[in-house]
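Index from 1, following the sequence.
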Amino acid sequence: MALERTLSIIKPDAVAKNVIGEIYSRFEKAGLKVVAAKMKHLSKQEAEGFYAVHRERPFFAALVEFMISGPVMVQVLEGEGAMLKNRELMGATNPKDAAPGTIRADFADSIDANAVHGSDSLENAAIEIAYFFPATDVYAR
Ligand code: RTP
Ligand code: MG
């Protein structure tokens, strides 16, 4: 497996539940390192741009409204196979389908308020990391 970087967002629901640390602990226990991080209250424009691939989906407006409902924690995770490893830690999009012990099974309330985002391909990871962090703000570790 190759050393990869992926973008993770702890969404407004999980930030409000005060479980940033618990989620970071799961990343660390799985061997993923936080190599960039910031808390941010996204503007509508930033959220729409981030989820632009979903622009035509029926849930787009609700998704954007949710993502700007409070601050989020945005981080770059680095590790062997980081993109898929993070997706495994997150669990399925709908927490009802998420495997026990995953972040969404433990912290998500619904398909809308589902605790975390993770890049779904290495190509998208590179785009999403650049969306939030200049290269100089991502630290090799
Ligand atoms: P994310 O992008 O947030 O990491 O989630 P994901 O890959 O697991 O799911 P994706 O298909 O990319 O959808 C993005 C977010 O939109 C909301 N969604 N709602 N009502 C629905 O049918 C529906 N489908 C997706 C979810 O909040 C999902 O995380
Ligand atoms: Mg997605």
Closest heavy-atom pair and its distance - [X], [Y]:
| X | Y | answer |
| --- | --- | --- |
| Leu77 | Ala82 | O-CB, 4.0 Å |
| Ala14 | Ala115 | CB-O, 3.6 Å |
| Tyr131 | Gln45 | OH-O, 4.0 Å |
| Pro12 | Ser69 | CB-OG, 3.5 Å |
| Met39 | Pro71 | CG-CB, 4.0 Å |
| Asn114 | Thr93 | ND2-O, 3.1 Å |

Side-chain contact, heavy-atom cut-off 4.5 Å: [X] with [Y]?
| X | Y | answer |
| --- | --- | --- |
| Leu32 | Leu89 | yes |
| Phe50 | Met67 | no |
| Ile10 | Val72 | no |
| Val76 | Val34 | no |
| Asn86 | Phe27 | yes |

Under a 4.0 Å N-O cut-off, is there an ion pair linking Glu78 with Arg5?
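Salt bridge present between Glu78 and Arg5.
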What I want to find out is whether Asp109 reaches Arg104 closely enough, with some N-O distance under 4.0 Å, to be called a salt bridge.
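Not counted as a salt bridge, because no side-chain N and carboxylate O are separated by less than 4.0 Å.
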Walk me through whether Asp106 and Arg26 qualify under side chain to side chain contact (heavy atoms under 4.5 Å, CB included).
CA-CA 12 Å; Asp106 291 344; Arg26 291 176 186 221; 2.8 Å; yes
Could Lys17 and Phe107 be counted as a cation-pi pair, given that NZ or CZ must be under 6.0 Å from the ring centre and within 45° of the axis?
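Output no; distance or angle outside limits.
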Quick check: is [Y] connected to [X] through a chain of hydrophobic side chains (ILVMFWY, heavy atoms under 4.5 Å apart)?
| X | Y | answer |
| --- | --- | --- |
| Phe59 | Val64 | yes |
| Val15 | Val19 | yes |
| Ile103 | Ile111 | no |
| Phe60 | Ile9 | yes |
| Leu122 | Ile127 | no |

Inter-residue atom distance Met90.CE - Asp120.CG, 0.5 Å rounding:
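Output value for this atom pair is 9.0 Å.
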Any donor-acceptor N/O pair, [X] side chain to [Y] backbone, under 3.5 Å:
| X | Y | answer |
| --- | --- | --- |
| Glu4 | Glu80 | no |
| Gln75 | Met73 | yes |
| Ser119 | Leu7 | yes |

Partner residues of Arg87 under the salt bridge (Lys or Arg N to Asp or Glu O under 4.0 Å) criterion, sequence neighbours left out:
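Partners of Arg87 under the salt bridge (Lys or Arg N to Asp or Glu O under 4.0 Å) test: none.
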Tell me whether the rings of His117 and Tyr51 are parallel (<30°), tilted (30 to 60°) or perpendicular (>60°).
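Ring orientation of His117 relative to Tyr51: perpendicular.
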Could you list the residues that satisfy side-chain hydrogen bond (donor to acceptor under 3.5 Å, both in side chains) with Ser43, not counting sequence neighbours?
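Counting only residues at least two positions away or on another chain, Ser43 forms a side-chain hydrogen bond (donor to acceptor under 3.5 Å, both in side chains) with Glu46.
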Among Lys29, Glu22, Glu28, find the residue that satisfies the side-chain hydrogen bond (donor to acceptor under 3.5 Å, both in side chains) test when tested with Ser25.
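In the set Lys29, Glu22, Glu28, the residue that makes a side-chain hydrogen bond (donor to acceptor under 3.5 Å, both in side chains) with Ser25 is Lys29.
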Using a cut-off of 6.0 Å, state whether more than 12 heavy atoms not belonging to Lys96 lie near its atom NZ.
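Result for NZ/Lys96: open.
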Lys11 vs Asp112, test: salt bridge (Lys or Arg N to Asp or Glu O under 4.0 Å). Steps then yes/no.
CA-CA 10 Å; Lys11 295 185 179 183; Asp112 300 304; over 6 Å; no
